[in-house]
Amino acid sequence: MDIAIDTSKSRYHVDKNGYYGRFGGAYIPEMLYPNVEELQEQYMKVLSDPGFQEEFTDLLKNYVGRPSPLYYAKRLSAKYGAKIYLKREDLNHTGAHKVNNTIGQILLAKRLGKSRIIAETGAGQHGVATATVCALMGMECVVYMGEIDIERQAPNVARMKMLGATVVPATSGSKTLKDATNEAIRDWINNPVDTHYILGTAAGPHPYPDMVARFQSVISEEIKKQLLEQEGRENPDYLVACIGGGSNAAGTYFHYLDVPEVKIIAVEAGGKGINSGFSAASTKLGKIGIIHASKTLLMQTDDGQIVEPHSISAGLDYPGIGPMHAHLYETGRGTFLDATDDEALAAGYELSLLEGIIPAMESAHALAKLKDLDLKPEDVVVLCLSGRGDKDLNTYITNMKK
Amino acid sequence: MQNRIDQLFASKKKDILNIYCTAGYPEPDSTLTIMKALQDSGVDIIELGMPFSDPLADGPVIQDSSTRALKNGMSLHKLFEQLDGFRKDIHVPVILMGYLNPVLQYGVEAFLKKCAETGIDGLILPDLPMAEYEQDYKHLFEQYNLDLIFLVTPETSDARIRKIDTLSRGFIYAVSSSSTTGKDKDMGNQEAYFERLKSLQLSNPVLIGFGIKDKPTFDAAAAHANGAIIGTAFIRALDNSTDIVATVKNFVGNIRNGKAAEEPIIL
């Protein structure tokens, strides 16, 4: 288990002050200081503890169903002229990579003596993954979700309630993910002692970006072993993942960041097109600023007001990007592409027909860029299939009729 | 060099009343009218909120006022236009409160320079961490003679409060409980915290904020510090006001001389 691996010498991982280059930090009001300080001081100690790692590994294996397969997608490979492997996070319990992080954080919360869990959610995937682990541990769970998202993601709202969580509508601002995150942070300010905030992506104040990346790093840890077994080499030529806040991407890249021969491809949500005014491509459209207590690239007006993004995929519909990814973008370590709503839909239909796998709309964005990579037949590509498409059936069905 | 905040605290040690209002709320151009009415009503410090789309440390009432101000077209550039020349009429200290992102986009030095030229005395930026302030911005605040006012909470350790005291200028903003603005918490539970603050013998004056809405809560807070800050209750009073000047005078009059709110205000 490498979740506690020493990354202090890496120029791509977090530094001792909580920054990735000029991105990151913890721009929190004083009311949050004790909570965040406790996490900063404790997280690496807890993650390094053999007892913690044993419990985490056991739950990932027997409850989540890890390791997730690294599947050689033969027909997809033939179509794009390279050896394409899919890392099947869609086969995890609850249907996406999100649960790797919620398992890790609930075990951490228990060790910190917390009795109440809060979370934010957009499409509801992280909310479901949080409600799931709270049920598993018998802990109180409150999930903040934008009022608009509650309307359009009714099945996930029902799942969370069935799992015993209280779903609280975020009625402020634009009433979506960013506002749900604001409400979760406010709850934490008002309940500083007994509550742990399970943030769902590799964003927010330090140590969340690094902590979430570490819990998700089981993805790249497994890829290394599985690729060695199947290809006789640990390193692929390309790693491809979609990025909203960037937790599945952070996990996919984690153990490869300092292996320069592995090309890192990040796919953002282009929405209706970069210049359409309806996009969520935070690196191309963003400027440096502060969102949810992290200095990163974010979409904002000239006056510094955070703007509402657009993507067909609720999981990528976030106006910022995790600070690690902003740093990968700025240093050129990662190549950042964007897929439009239409490209993602087409890729989703294609994978369904070629491989019998209906991908989440988020993962479909990553698939959509296979056509734009300059692939050679001997190239080995690993693409993180971050989630399954059951939650997106309505979107797929609606657009099929067009 | 003394600024208006220092001068105020040099001449007045008790019952200092600081009132917060979001710039551009309730009307696009009501800010100066409100400031003048606050001064005429005997308010000691005016705290102007710079509206932001995502005000994390504020509760729903102040966030709604911020959203409304943004819909009214308020921006930092517009605020500075409105404040141009305001020192002809307003003599009390004026503080700008807001979040770091709009300030970063304006440019920190350009912003501080503009504040100094306009006649602003201090700033409250709750999401600017101490370490970043000390390393990147402290020299600029000093260059432009602007106070940066830090927050402390009941959860802040003595050692950290002392550190905050060395970095703060003007006064320290003691949040009366670990909560966002507008939360109604029992003042009685806070007494140990206020006593602890007093026992630290800080070099800066202390004003208590969050949860103060009428004369009894103001008096209770002011008994433990140099004074208190009111935000949410004032924003609520302005919400449906048909005569802003009368509302301001009535509100401040009630804080200074009135009774407890007849109906408990649910915040």
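Proteins get letters first, then strands, A, B, ... in listed order; numbering begins at 1 in each.
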Can you name the nearest heavy-atom pair linking G304(A) to P102(B), along with the distance?
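Smallest heavy-atom distance, with atoms named: O-CG, 3.9 Å.
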Closest approach of I306(A) and S53(B), non-hydrogen atoms and distance?
N-OG, 2.9 Å
How many angstroms lie between atom [atom1] of [X] and atom [atom2] of [Y], to the nearest 0.5 angstrom?
{"X": "S172(A)", "Y": "D54(B)", "atom1": "OG", "atom2": "CG", "result": "8.0 Å"}
{"X": "I291(A)", "Y": "L56(B)", "atom1": "CD1", "atom2": "CG", "result": "9.5 Å"}
{"X": "D303(A)", "Y": "Y106(B)", "atom1": "CG", "atom2": "OH", "result": "10.0 Å"}
{"X": "E30(A)", "Y": "F150(B)", "atom1": "CD", "atom2": "CZ", "result": "9.0 Å"}
{"X": "Y33(A)", "Y": "M130(B)", "atom1": "OH", "atom2": "CE", "result": "6.0 Å"}
{"X": "E38(A)", "Y": "E155(B)", "atom1": "CD", "atom2": "CD", "result": "11.0 Å"}

Which answer fits [X], side chain, backbone, both or neither, if we ask what part of it has an atom under 4.5 Å from a heavy atom of chain A?
{"X": "P51(B)", "result": "backbone"}
{"X": "L125(B)", "result": "neither"}
{"X": "M50(B)", "result": "neither"}
{"X": "L104(B)", "result": "side chain"}

Counting heavy-atom pairs under 4.5 Å with chain A, which one of [options] comes out on top?
{"options": "Q63(B), R160(B), E132(B), K78(B)", "result": "R160(B)"}
{"options": "T156(B), I164(B), L151(B), N101(B)", "result": "N101(B)"}
{"options": "D64(B), V103(B), L128(B), L76(B)", "result": "L76(B)"}

Less than 4.5 Å to any heavy atom of chain B: does that hold for the side chain of [X], its backbone, both, or neither?
{"X": "V193(A)", "result": "side chain"}
{"X": "I28(A)", "result": "backbone"}
{"X": "Q300(A)", "result": "side chain"}

Atom CZ of residue position F278(A) - does it have more than 12 heavy atoms of other residues, nucleotides or ligands inside 6.0 Å?
no
NZ of K284(A): more than 12 outside heavy atoms within 6.0 angstrom?
yes
Residue pair Q105(B) / D302(A), side-chain donor-acceptor N/O under 3.5 Å:
no
Based on non-hydrogen pairs under 4.5 Å, which of K287(A), H292(A), K178(A) is most in contact with chain B?
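Highest number of heavy-atom pairs under 4.5 Å: K178(A).
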Do you know which of T181(A), T171(A), I290(A) has the most heavy-atom pairs under 4.5 Å to chain B?
I290(A)
Does a side-chain heavy-atom distance below 4.5 Å link P55(B) with R186(A)?
yes
